[in-house]
There are 2 protein chains.
Amino acid sequence: MVKKARNTQRREESLSRDQIIETAIALLDSGGESGLTFRALSEQLATGPGAIYGHIASKSDLLIAASDAIVARTMDASVDSTTPEATIRAVALGMFDAIDAHPWVGSALTRAPGKLPAVRILERIGQQLRALGVPDDKQWVTVSALLSYILGVGGQNAANTHLALEQETDRSDFLDEVATMWSELDPDEYPFTRSVAGQLRTHDDRVDFLVGIDLILRGIESARDR
Amino acid sequence: MVKKARNTQRREESLSRDQIIETAIALLDSGGESGLTFRALSEQLATGPGAIYGHIASKSDLLIAASDAIVARTMDASVDSTTPEATIRAVALGMFDAIDAHPWVGSALTRAPGKLPAVRILERIGQQLRALGVPDDKQWVTVSALLSYILGVGGQNAANTHLALEQETDRSDFLDEVATMWSELDPDEYPFTRSVAGQLRTHDDRVDFLVGIDLILRGIESARDR
DNA sequence: ACCTGAACACCGTTCAAGT
DNA sequence: ACCTGAACACCGTTCAAGT
């Protein structure tokens, strides 16, 4: 007698790597980095924690694979603009928004340099630098600088939303607290930080991020024209 | 009868916060981020794991305090140069070298934006931007960009040495492996990454880092002159 | 061949009991 | 008042036993 499908508690399809990754993304999105455990994951997948190791080597492997899925989608979604500069800006903004939507990607990316997710970004930006006329021997340093900046901002954004989530406040309330802390620093030791606390309170992360990208692009341009 | 000092297993001085932090730094330096546990720490300090909570709120608090000690020393060690640009370069290089010597600082800093260690760097660089004549309303975005870049590079360097340590290879051997992996990527999908793999093999992290700083500084200059 | 889930070797953190 | 260290509530990972 053939066993009827969909009438047992057990999965009728065998476990797939993709299925594991998608479930991991859902857990990360809803519970942050600490929301992903092999126990929670295997429960969602209606299996035991050991079963996952048939498809994934380790937790860090899983985190990289999950990040890669997000980055791949983000790169696919961003189409080329009219100029190389505009394309770089669009790609960078795409990553900013992706990390905003999935903060865990920010910290995962920083911990896996040279791995596939970072390489996808590197490739995309590098091709635009070629189009911009950056000489061959300067291409590595140049992508490297742009990528470091993007990952740096991403990492900090991830940390900010993580810290905000931890103390159960809104992200902007959290930045407000930081600004208040800064304005209470010793005036002799921290004059600059105090003076800039107000700008921290009113700033727009996304706009500031783009200004930084533009600063680097302008530097590239002026280095080339020299 | 007065108890003689230094003849018992037990600490004769009471536990101090500084002592805990210094011991934590030693553990982090020798064993990486996973080398710091409350059990190892309390063993070094000849006490129980619970005793530490009298002086430190949590592990992340300890990590921030340890980073702060390193950053404070680094900022104190770097003296002002003749020009603001040169000073910024010196401060940035100082942080690069500090993270090279204590890789865990790289990841800890990224996870604690707005906290004291990051603020020390922000303040130092900010003062130089003022001296450079960056207008008040642009000062926040500008430090923010420089800091993000520095933390971004730091985080990646931390990750690289961590990954190298994990597979027990030399750091340069590890980068060599990455370069090999890159040169084996699909030529149609990753032409840029493949072409740049060679530069990854021969590059100097420290030099590349400075080039990135200069790119941003040049961008600042050209934005101001516009 | 693949899944299952108890078991192992850890964690950070707490707290009653001691001094 | 401060330390002690067993106990709690978790982790990631392994592996003998099952199907």
Side-chain angles (χ1 to χ4, degrees), chain A residues 1-5 7-21 23-24 27-28 31-66 104 107-108 111-112 162-163 165-167, chain B residues 1-5 7-21 23-24 27-28 31-66 104 107-108 111-112 162-163 165-167:
Chain A
M1 199 195 195
V2 182
K3 205 156 122 202
K4 266 191 290 178
N7 63 348
T8 58
Q9 291 284 95
R10 204 157 174 264
R11 281 166 299 94
E12 65 288 351
E13 308 282 341
S14 83
L15 211 52
S16 81
R17 190 179 151 91
D18 267 4
Q19 203 180 150
I20 294 172
I21 292 171
T23 312
L27 283 172
L28 286 162
E33 207 140 349
S34 65
L36 177 64
T37 66
F38 278 80
R39 280 168 182 80
L41 189 58
S42 61
E43 197 179 336
Q44 287 289 312
L45 292 164
T47 182
I52 293 157
Y53 285 88
H55 304 85
I56 250 109
S58 67
K59 185 169 182 180
S60 87
D61 184 46
L62 178 54
L63 222 39
I64 290 172
W104 50 273
S107 37
R111 260 177 280 132
H162 178 256
L163 291 172
L165 199 133
E166 210 171 47
Q167 58 180 72
Chain B
M1 199 194 197
V2 182
K3 204 158 121 203
K4 268 191 290 178
N7 63 350
T8 59
Q9 292 285 95
R10 205 160 172 263
R11 280 167 299 93
E12 64 289 356
E13 309 281 341
S14 83
L15 212 52
S16 82
R17 191 179 151 90
D18 267 3
Q19 202 180 151
I20 294 173
I21 293 171
T23 311
L27 282 172
L28 286 161
E33 207 139 351
S34 65
L36 178 63
T37 66
F38 278 79
R39 280 168 181 81
L41 188 58
S42 59
E43 198 180 336
Q44 285 290 311
L45 293 164
T47 181
I52 292 157
Y53 285 88
H55 304 85
I56 250 108
S58 66
K59 183 167 183 179
S60 87
D61 184 45
L62 178 55
L63 224 38
I64 291 172
W104 51 272
S107 36
R111 261 176 279 132
H162 178 257
L163 291 172
L165 200 131
E166 210 171 45
Q167 57 180 74

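Every chain is numbered from 1, with letters handed out A, B, ... down the list of sequences. In what follows, every heavy atom counts, from backbone to side chain, and hydrogens, waters and symmetry copies are set aside. This structure is a prediction, so every number in the text was calculated from the model and none was measured.
For His55(B) and dT13(C), the NE2 to P distance is 16 Å, given to the nearest whole Å. Between the CD1 atom of Ile20(B) and the P atom of dC2(D) there is a distance of 13 Å, given to the nearest Å. Rounded to whole angstrom, the span from the CD1 atom of Ile52(A) across to the P atom of dT4(C) amounts to 10 Å. One atom, CZ of Arg17(B), and another, P of dC2(D), lie 15 Å apart when rounded to the nearest Å. Distance, Leu62(A) CG to dG12(D) P: 10 Å, rounded to whole Å. Rounding to whole angstrom units, CD of residue Glu166(A) and P of dT13(C) are separated by 10 Å.
Of the possible donor and acceptor atoms, one in the side chain of Lys59(A) sits under 3.5 Å from a partner among the backbone N and O of Leu36(A). With His55(A) contributing its side chain and Leu15(A) its backbone, the two residues share a donor-acceptor pair below 3.5 Å.
For the atom pair Trp104(A) CH2 and Leu28(A) CG, the distance stands at 5.0 Å (nearest 0.5 Å). Taking CG of Asp18(A) as the reference point, atom OG1 of Thr23(A) lies at 10.0 Å (rounded to 0.5 Å). The OG atom of Ser58(B) sits 12.0 Å away from atom CD1 of Ile52(B), with the distance rounded to the nearest 0.5 Å. Taken to the nearest 0.5 Å, the CG atom of Leu41(B) stands 9.5 Å off from the OG1 atom of Thr47(B). Going from atom CD1 of Ile64(A) over to atom CD1 of Ile56(A) covers 11.0 Å, rounded to the nearest 0.5 Å. Annotation: the span from Ser34(B) atom OG to His162(B) atom NE2 amounts to 5.5 Å, rounded to 0.5 Å.
Pro49(B) and Tyr53(B) get closest at one heavy-atom pair: O-CD1, 3.7 Å. The nearest pair of heavy atoms linking Leu27(B) to Ala40(B) is CD1-C, 4.1 Å.
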Go along nucleotides 14-19 of chain C 5' to 3' and tag each nucleotide: B for a protein heavy atom under 4.0 Å from its base, S when only backbone or sugar atoms are that close, - otherwise. BB----
Can you name the atoms? Protein N/O to nucleotides 8-11 of chain D N/O, anything below 3.5 Å, with the distance.
| residue | atom | partner | partner atom | Å |
| --- | --- | --- | --- | --- |
| dC11(D) | N4 | Arg39(A) | NH2 | 3.3 |

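Looking at heavy-atom distances under 4.0 Å, Ser58(B) makes contact with sugar-phosphate atoms alone, never a base.
Salt bridge status for Arg111(B) with Glu33(B): present, with a side-chain N to carboxylate O gap under 4.0 Å.
Taking a pair as Watson-Crick or G-U wobble with both distances under 3.5 Å, DNA chain D forms stems of 3 or more consecutive pairs at C:4-8 with D:12-16, C:12-16 with D:4-8.
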